[in-house]
2 protein chains.
Amino acid sequence: MRRMTARPANAHQARLLRLLRDGGPNSRAQLGDQVDLSRSKLAVEVDRLLETELVVADGLAASRGGRRSHNIRLNPHLRLLGVDIGATSVDVAVTNAELEILGHINQPMDVRDGPVAVFEQVLAMAAKLRASGLAEGFDGAGIGVPGPVRFPEGIPVAPPIMPGWDGFPVREALSQDLGCPVMVDNDVNLMAMGEQHAGVARTVPDFLCVKIGTGIGCGIVVGGEVYRGTTGSAGDIGHIQAVPDGRPCACGNRGCLEAHFSGAALARDALEAAQQRLSAELASRLEANGTLSAADVAAAAAAGDATAIDLIREGGSRTGQVIAGLVSFFNPGLVVIGGGVTGLGHTLLAAIRTQVYRQSLPLATGNLPIVLGELGPTAGVIGAARLISDHLFSPA
Amino acid sequence: MRRMTARPANAHQARLLRLLRDGGPNSRAQLGDQVDLSRSKLAVEVDRLLETELVVADGLAASRGGRRSHNIRLNPHLRLLGVDIGATSVDVAVTNAELEILGHINQPMDVRDGPVAVFEQVLAMAAKLRASGLAEGFDGAGIGVPGPVRFPEGIPVAPPIMPGWDGFPVREALSQDLGCPVMVDNDVNLMAMGEQHAGVARTVPDFLCVKIGTGIGCGIVVGGEVYRGTTGSAGDIGHIQAVPDGRPCACGNRGCLEAHFSGAALARDALEAAQQRLSAELASRLEANGTLSAADVAAAAAAGDATAIDLIREGGSRTGQVIAGLVSFFNPGLVVIGGGVTGLGHTLLAAIRTQVYRQSLPLATGNLPIVLGELGPTAGVIGAARLISDHLFSPA
DNA sequence: CCCCTTTGTCCTGTGAGTGGAAAAAGTAGG
DNA sequence: CCTACTTTTTCCACTCACAGGACAAAGGGG
């Protein structure tokens, strides 16, 4: 199938496309209720969109008391690719233009193998999804990488955990390989966009999305838009000092949040606890697997292991302390906690909440929900699809 | 003189008014270079603005090689009132529509006397400025208060250092008394707007403006717009924990930045040092005045007093620590330090810089200027004038 | 005094957009 | 089945914003 390269011709069309993306199939009349255009103008723009084949007719809607209306919807053949590159695994998913996931693959991977090897794997995964009949091609792709990105160009800059990626033209290279438009962003920003589109943050204009995985990052949404900072490194909270003169961190400083709590730090702490025989549960897991990960700590905590629970509490408390500062500064309407360690669940959440509510002023925390992300591992890929759809659904 | 109540009729007119405000008198041709409108359209809108008397003709401009153009400028009779209410003093200034200060009064005051008493004083100061021939009336007024504000309504909310102000309808009350439109905002936000309009931040879209006065606050500018947060308390960084288990703070927590460094804390520390005879300089000043303030510490430091310099260094270091975290999080393009204690000057700035550059990642700090504000005590009133002019120069 | 450049005004054509009228397609009730 | 009332959709005439060319006005330089 020939891919659609059409783009909306004006802001009205872009607006309509986004409404259809976020609200699903809709009648002209319902669209009219939302856009403040005259019926005639609306009809004209819809007709033009139908001509571009970006939207198609979709049968009759239920009656609202009078004549039944003709529904229209985004072309169901449109396909977006969402790629979420983590430190140790990749998620690749195919969505339709309404950002519903049609297929999703997760595979282990190591970013440190460099962009060439990683994208080889990603392209293979995309080909696999295509081969399974979910898509005949892609109309656009969103890519998340675990480090700062110079957003307009789609190029990682000075990514600490991704040696070999600095300056690699991700956007251009993938656009070539996939033959479609590509946008690149920090994985945390994509998680925030995912939760904004389909998760807990649907109605909140200003919120923070803290992702605790191998590292720690924070997506910042201001007025419904992701804020990326001057050099694209906004939200890089892993290296905020959480413990004065604390543990040495890979970045050269001491006491960074990431050095005290993150997937990697947690695994290290668990290993130590197991070796020192502080926890039978962890020790037996170490013996069984030969290694320990954050997931083991989660499992041990779920089994009631006191040491594991303490580790999570301690880490949650550190994280909460940093978040408390950010809440005072940013005064968000919502804080979302997500990432690999959400398996730690409510123990972690409780520790974070305690610390934030204790340390921030009532005006900022009075009506501040702190919640776990709703989407889990799909937040990133949904966010990626949303990123590229925002690009496609903007005036050419 | 009758006050102008006209407002721009559309976005084009608003745009033109702002260009004239920020760029001073301009010819139609020069305006045309900046706004991307056809000459005819531009002429129409300018004519309409001339009709409203918001702008007036202003003679001929120099030739650019051909026919000389007729300049236009904002009506020089327009008068804006800028009010900056601090914890212990008020600044009131009159500006023209180009936000140039025509007259400026500063008086000591105590916010804790409550809004009624304070506004009585402010109105008297405004009357004094008017009586001196600077204005026959005001076309608008901007008010800064030292606490969080529910911005749309212009009402302070839960201000810690302003008991009695909570819920007081500042905007409405003053609008009545002055007979002109009024906008109210946090004093720190106004300082940021001031530095953005006429100070060091003219060209930077994303920056932080840290004001260290009686308390500590931070103005946040995102994409050229002040960010106020969900409840209007964004930038309230005085109660971020800077010292674990540190000094008790009035807010009920321990180790808040404000408890360790601010005008009030500095005065307390100086008093203690003087009483313990750690510093002859401070002791003699205490004897002379019966009390000590941040200004005394500044003077002592300037005179080379080691204890005073240490106090400033210590405080700057604490502040720098908190700012370092904010820089990692927000990745601004500039950090401006301002407020009453800028008298502490480069000793303070050096301490802050050292800490920030040491603790934040290179990508965020690599090209990050940290500078003192340019405008000193006029930043607040200029920002206040700018606030109301933004309001007046927006489509009705 | 002539030619070139810039500025400002006038005028007309085009296209966007509005809002009313009427047709089309329903539902509900008798 | 017919009628009255809704809602949706199309059609059309009218307004208005705006662009852009032609032209006049004003100045500089040779």
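Residue numbers begin at 1 in each chain, while the letters A, B, ... track the order of the sequences.
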> Heavy-atom contacts under 4.0 Å between residues 12-27 of chain B and DNA chain D, which residues?
Replying inline: B/H12
>> Any donor-acceptor pair, under 3.5 Å, between the side chain of A/R67 and the base of C/dA24, if you only look at N and O atoms?
In response: yes
> Roughly how far, to the nearest 0.5 Å, is CD1 of A/I388 from OG1 of A/T95?
Replying inline: 10.5 Å
> Is any side-chain N of the basic residue among B/D36 and B/K41 closer than 4.0 Å to the acidic one's carboxylate O?
Replying inline: no
> Within the structure shown, what part of the strands sits under 4.0 Å from B/S69 by heavy-atom distance: base, sugar-phosphate, or nothing?
Replying inline: sugar-phosphate
>> Set out, in order, the CA-CA distance, both residues' side-chain angles and the distance that settles side chain to side chain contact (heavy atoms under 4.5 Å, CB included) for B/L178 and B/L81, then state yes or no.
In response: CA-CA 10 Å; B/L178 289 166; B/L81 189 69; 4.0 Å; yes
>> Can you confirm if the NZ or CZ of B/R79 lies within 45° of the ring axis of B/F138 and under 6.0 Å from the centre of its six-membered ring?
In response: no
>> When you compare the side chains of A/T231 and B/N367, does any donor N or O come within less than 3.5 Å of an acceptor on the partner?
In response: no
> Which one, D/dC12, D/dG27, C/dC10, comes nearest to the side chain of A/S40?
Replying inline: D/dC12
> Closest heavy-atom contact between A/L190 and A/D185?
Replying inline: CD2-CB, 3.9 Å
>> Among D/dA17, C/dG19, C/dT7, which nucleotide has an atom closest to any side-chain atom of B/A29?
In response: C/dT7
> DNA chain C: A/H70 or B/D47, which has the more 5' nearest nucleotide?
Replying inline: B/D47
> The side chain of A/R39 lies closest to which of these nucleotides: D/dA19, C/dT18, C/dA21?
Replying inline: C/dA21
> What does A/R28 touch in the nucleic acid at a heavy-atom separation under 4.0 angstrom: a base, only the sugar-phosphate, or nothing?
Replying inline: sugar-phosphate
>> Given D/dC18, D/dC12, D/dT10, identify the nucleotide with an atom nearest to the side chain of B/E45.
In response: D/dC18
> Taking the side chain of B/L60 as its heavy atoms from C-beta onward, which of C/dA16, D/dG27, C/dG17 lies nearest to it?
Replying inline: D/dG27
> Of all the choices, D/dG20, C/dA16, D/dT10, which nucleotide is nearest to the side chain of B/S38 once you look at every atom?
Replying inline: D/dG20
